[in-house]
Amino acid sequence: HFDGTIESYLQIIQHDDRAPLERAMRKAIKRKVPIDLDFRILDLDGSIRYMASRGRVLYDENGDPVRMSGVNIDITERKRVELALRESEKRFHTAFDQATIGMALVSTDGRFLQVNLSACKILGYSEQELLVTDFKSVTHPQDLGASLESIRRILAGETDAFQIEKRYIHKSGRTIWASLSISLLRDGDGQPLYFIAQIQDI
C-alpha cells in the first residue's frame, strides 16, 4: 500500500533496488523516455517479490512533469525459474569440467561445442584445437562408420543413447582405445540440441 507519492512508493522497494529505480525515474523525467526496469519489493508477509515496472511520465501543456503512469507486473515465478535454471547449469558445468572421464558436448553435425580437461588429455589436443574440429577428425577411420550409424539411429529416434568401444587418433598419431557413451539432449519440442559424450580411456 502507498499513498501515490514517489516517497511512499520507494518505501516498498527492496533497499538495494531503490537507487536504480530513482535513477530510472530521473532519466524518464529529464529525457522523456519510458521507464523499463525490474526490481524487488517487500511484500506484506515479509517475502521478496520481483516486479517488472513499465511506465512513463506525463507532462502538462508547459512541458512540466506532473505525474507518472504505468504498471508493475509480478514476475516472481519467472525469476525463480531463471534462478533455478542458472543454478542447474552451474552444477552441470561444474560436474562437466571436473569429471575424471572425458566429457564433450557435440553438435548434431559432429562439431565439438565444449570439452573438458580430461577429454583433452585423452586425445592430446588443447581445448582450442578441439573446438575448431569435429569428432570425425579424431576418430580412427575403421571405426568411423560404426560411430556415424549409431548417431543416425539416435537422431532417427530408434534409441535414446548408445555405448561402444572405438579407437581415436591421438594428436601424436598413436591409437587410443576408448569406451564412448553418447546421449542426445532435445528441446521442449523434441528437436535435437546436441550430444553429450563421455569418453573413458581403456
Side-chain angles (χ1 to χ4, degrees), residues 1-100 102-108 111-120 126-132 183-198:
H1 302 282
F2 74 106
D3 61 14
T5 65
I6 289 179
E7 291 76 16
S8 63
Y9 181 60
L10 289 173
Q11 290 305 307
I12 66 173
I13 308 299
Q14 180 73 4
H15 186 269
D16 293 343
D17 292 346
R18 289 178 189 173
L21 181 58
E22 287 183 281
R23 286 195 296 270
M25 288 179 173
R26 287 196 296 268
K27 179 180 177 181
I29 293 171
K30 183 177 181 180
R31 302 184 185 178
K32 297 185 178 181
V33 295
I35 296 173
D36 187 346
L37 188 72
D38 295 350
F39 56 81
R40 296 164 295 172
I41 65 168
L42 186 63
D43 209 345
L44 291 175
D45 62 5
S47 63
I48 298 296
R49 303 198 68 79
Y50 289 85
M51 309 299 291
S53 183
R54 308 293 181 259
R56 62 193 179 103
V57 180
L58 303 178
Y59 302 85
D60 62 18
E61 61 275 8
N62 298 318
D64 296 322
V66 291
R67 66 180 183 273
M68 292 182 176
S69 175
V71 296
N72 289 330
I73 306 166
D74 189 333
I75 58 170
T76 304
E77 189 57 34
R78 189 190 82 191
K79 285 290 186 180
R80 285 176 181 161
V81 171
E82 291 173 354
L83 290 171
L85 178 60
R86 282 200 294 269
E87 183 61 30
S88 176
E89 290 176 343
K90 181 180 178 181
R91 287 196 301 269
F92 171 78
H93 286 294
T94 298
F96 182 95
D97 293 335
Q98 297 179 2
T100 56
M103 297 283 292
L105 303 185
V106 182
S107 70
T108 54
R111 292 176 297 106
F112 287 110
L113 302 175
Q114 187 175 344
V115 291
N116 70 354
L117 181 59
S118 294
C120 294
S126 69
E127 179 182 4
Q128 291 74 23
E129 288 172 326
L130 286 175
L131 293 182
V132 295
S183 57
L184 178 64
L185 186 68
R186 298 179 183 271
D187 63 17
D189 297 323
Q191 296 301 308
L193 291 175
Y194 53 79
F195 294 103
I196 301 175
Q198 301 178 58

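Basis for what follows: all heavy atoms, side chains included, without hydrogens, waters or symmetry-related copies.
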With a 3.5 Å distance limit and no angle check, can you tell me whether Asp74 reaches the backbone of Met51 through a side-chain donor-acceptor pair?
no

What's the separation between atom CG in Leu131 and atom OG in Ser126, rounded to the nearest 0.5 Å?
8.0 Å

Determine whether Ile48 and Ile41 satisfy the following criterion, side chain to side chain contact (heavy atoms under 4.5 Å, CB included), listing intermediate values before the conclusion.
CA-CA 6 Å; Ile48 298 296; Ile41 65 168; over 6 Å; no

Say whether, by atom type as modelled, one donor and one acceptor occur between the side chain of Asp43 and the main chain of Ser47 under 3.5 angstrom.
no

Here the gap from Thr108 atom OG1 to Gln191 atom CD, rounded to the nearest 0.5 Å, amounts to 10.5 Å

Decide yes or no for Val106 and Leu113: does some side-chain heavy atom of the first lie under 4.5 Å from some side-chain heavy atom of the second?
no

Minimum heavy-atom separation for Ala28 and Tyr59, please, with both atom names.
O-OH, 3.1 Å

Could you give the side-chain donor-acceptor pairs of residues 86-94 under 3.5 Å, partners two or more places apart or in another chain?
| residue | atom | partner | partner atom | Å |
| --- | --- | --- | --- | --- |
| His93 | ND1 | Gln114 | NE2 | 3.4 |
| Thr94 | OG1 | Lys90 | O | 2.9 |

Report the distance from atom CE of Met68 to atom OH of Tyr9, rounding to the nearest 0.5 Å.
9.5 Å

If you compare all heavy atoms of Val115 against all heavy atoms of Cys120, which two are closest, and at what distance to 0.1 Å?
CG2-SG, 3.9 Å

So does Leu37 get a backbone contact from the side chain of Arg54, meaning a donor-acceptor N/O pair under 3.5 Å?
yes

Rounded to the nearest 0.5 Å, what separation is found between the OG atom of Ser69 and the CZ atom of Arg56?
6.0 Å

What distance separates Leu117 CG from Asp97 CG, expressed to the nearest 0.5 Å?
9.0 Å

Might you point out which heavy atoms bring Arg78 and Asp38 nearest each other, and give the distance in Å?
NH2-OD2, 3.7 Å

Can you give each donor-acceptor pair under 3.5 Å made by side-chain atoms of residues 13-25, sequence neighbours left out, with the distance rounded to 0.1 Å?
| residue | atom | partner | partner atom | Å |
| --- | --- | --- | --- | --- |
| Asp17 | OD1 | Arg40 | NH2 | 3.1 |
| Asp17 | OD2 | Arg40 | N | 2.8 |
| Asp17 | OD2 | Arg40 | NE | 2.8 |
| Arg18 | NE | Leu10 | O | 2.9 |
| Arg18 | NE | Ile13 | O | 2.9 |
| Arg18 | NH2 | Gln11 | O | 3.2 |
| Arg18 | NH2 | Ile13 | O | 3.4 |

Backbone N/O of Asn72 and side chain of Ser53: donor-acceptor pair under 3.5 Å
no

Where do Ser118 and Ala99 come nearest, in terms of heavy atoms and distance?
OG-O, 2.8 Å

Atom CG in Leu130, atom CZ in Phe112: separation rounded to 0.5 Å?
5.5 Å

